[in-house]
Number of protein chains: 2
Amino acid sequence: MHPPHSRKEAILQTATMFFSEKGYQDTSMSEIAKITGVADGTIFYHFKTKSELFLAVLKNFKEGIIRELEAFQNMAVFNTGLDMVEGTVSFYFSLADRMEDRFLLLHRHYPYKLAMKNPDCREHLEEIYTCFIDLFERAILKGQKDGSIREVHSKKQALLLFTLVDGLVRLGTYNLYKAGPLYSDLIDSCRCMLTNKQQETKPTFINPQNKRAHSL
Amino acid sequence: MHPPHSRKEAILQTATMFFSEKGYQDTSMSEIAKITGVADGTIFYHFKTKSELFLAVLKNFKEGIIRELEAFQNMAVFNTGLDMVEGTVSFYFSLADRMEDRFLLLHRHYPYKLAMKNPDCREHLEEIYTCFIDLFERAILKGQKDGSIREVHSKKQALLLFTLVDGLVRLGTYNLYKAGPLYSDLIDSCRCMLTNKQQETKPTFINPQNKRAHSL
DNA sequence: AATAAAACTGACTGTGTAGTCAGTCAGTCA
DNA sequence: TGACTGACTGACTACACAGTCAGTTTTATT
């Protein structure tokens, strides 16, 4: 299933890069072929159409994400659910930073448009989102068991949390505002959303992103 | 300056509709011409290039938004800053609902890409964002004066708030999750982010959006 | 070595599109 | 009436692109 350096794999890599950085429409198949170093026809031998290639890219991305998430879950241990929420936020930021290019895929409109017609596409997107949101929800549920998080609708709150964090990542890629300096305020806000008692701001973990953009 | 029903105006309307609903790339100039009921050349008589037409659409949208914001500010009166935050959130939702099609413009990637090369485009986008964020900030500052909102960095918190609310709107247009049912949880979370004391959930205002999508 | 299957090629096709331009037409003013 | 102007037209150009296919090369099998 994984012949180490097949042409097919190489095409997939190039396509991922192009679809992420330039978007679906602005990427031509010939371009992908040229950069990969194969003939135009070769792409169509491996992937019937352009949108099938896109689906393959998305699937590949999804699998990568899932692998990362599993690694995170196996590695990270948290005392409280609240800690786990913070850890998850931090993890999402670092992932978005590390896979910055590929995250752009999710922050374009094309996949969601395709998802309306193509059930496979929709399924990939849903799986990706579900993974992240479930992770947040698990943290919330844990926190509700150990008392570090107040009574909230775990699923809904998880979705809100995810929306907030992802929105901030997106803001960074839009290049209008710097998202980095908001990190500690974000963590603080998350804590407030989830707890009853008043808390002092703790020192924060990481502080990713450093694009040129508006300062606050 | 405003000859009531000029062709130019008509083209602008059609273009707004198409760029919003189908995106920049997927809209052809001939299409706009055909639907508007003018010859292909007419568009290029009024707008030199496709991207100049897009800029005009964006500018028009910006002006519409600003008008709406001013109307809101002149009309709405709030007892406390916290109320004003809630009112602003509610306003943003209803605006996004009422101008659903045009908001899609902001939720595509193209404008932000164009903004990297084109300063005019960037300025329009910045102005739009600034308007909204300033509105949130004004609410926060008011709340800090009257004691309904705790000590937070007003600009940063305003940005976080906006990100959260806009992210939720976007989620609705993506059609993967229903954003509507989250409205009361959103308001609750906002209140928690901004206040010190514990509060009971109050009855909420409106509850927009009703797309077919995942339930929670 | 012979054969077959799989991988690969690149010229070619058909279509769609942004932008051009020579020219039409209705209105205005002298 | 006739010269002039600005709005408008639609055929046309030049090109880019997804996808095809007949044919070539590589690899695996016997």
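Below, chains carry the letters A, B, ... as their sequence lines are ordered, and counting in each starts from 1.
For B:T42 and D:dT9, the shortest distance from a side-chain N or O to OP1 or OP2 is below 4.0 Å. At C:dA7, one or more side-chain N or O atoms of A:Y45 fall inside 4.0 Å of OP1 or OP2 (strictly under the cut-off). For D:dT27, the OP1/OP2 oxygens have no side-chain nitrogen or oxygen of A:R7 closer than 4.0 Å. Within the 4.0 Å cut-off from OP1 or OP2 of D:dG6, not a single side-chain nitrogen or oxygen of B:H46 is found.
Between A:F162 and B:Y177, the closest side-chain pair of non-hydrogen atoms is not below 4.5 Å. Looking at A:L161 and A:Y92, their side chains never come closer than 4.5 Å, going by heavy atoms from C-beta outward. Side-chain contact check for B:I66 versus B:I128: every heavy-atom pair is 4.5 Å or farther apart. Annotation: side chain of B:I35 is in contact with side chain of B:F18 (closest heavy-atom distance under 4.5 Å). For the pair A:H109 and B:L104, the minimum side-chain heavy-atom distance is below 4.5 Å. In this structure, the side chains of B:I65 and B:F132 come closer than 4.5 Å at one or more pairs of heavy atoms.
In this structure, A:K34 places its NZ atom 19 Å from C1' of C:dC8, rounding to the nearest Å. As a whole-Å value, the separation of B:L53 CG from C:dT17 P is 15 Å. Atom C1' of nucleotide C:dT15 and atom CG of B:D26 are separated by 15 Å, given to the nearest angstrom. Between the C1' atom of C:dA18 and the CZ atom of B:F54 lies a distance of 17 Å, rounded to the nearest Å. Atom P of nucleotide D:dT26 and atom NZ of A:K8 are separated by 22 Å, given to the nearest angstrom.
End-to-end axis angle for the helix from C:dA1-D:dT30 to C:dA30-D:dT1, using five pairs per end and rounding to 10°, comes out at 10°.
Residue pairs satisfying the salt bridge (charged side-chain N to carboxylate O under 4.0 Å, His left out) criterion with at least one member in residues 14-27 of chain B, sequence neighbours excluded, are listed as follows: A:K113-B:D26, B:K22-B:E31.
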Kindly give the atom pairs (protein nitrogen or oxygen, nucleotide nitrogen or oxygen) under 3.5 Å for nucleotides 19-28 of chain C.
| unit_1 | atom_1 | unit_2 | atom_2 | d |
| --- | --- | --- | --- | --- |
| C:dG19 | OP2 | B:K50 | N | 2.7 |

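Separation of the A:Y110 and A:F54 ring centroids falls under the 6.0 Å cut-off.
Side-chain atoms of A:A39 lie closest to C:dG10 of the nucleotides D:dT9, C:dG10, C:dA18.
The two atoms that bring B:E68 and B:F91 nearest to each other are O-CZ, 3.9 Å, heavy atoms only.
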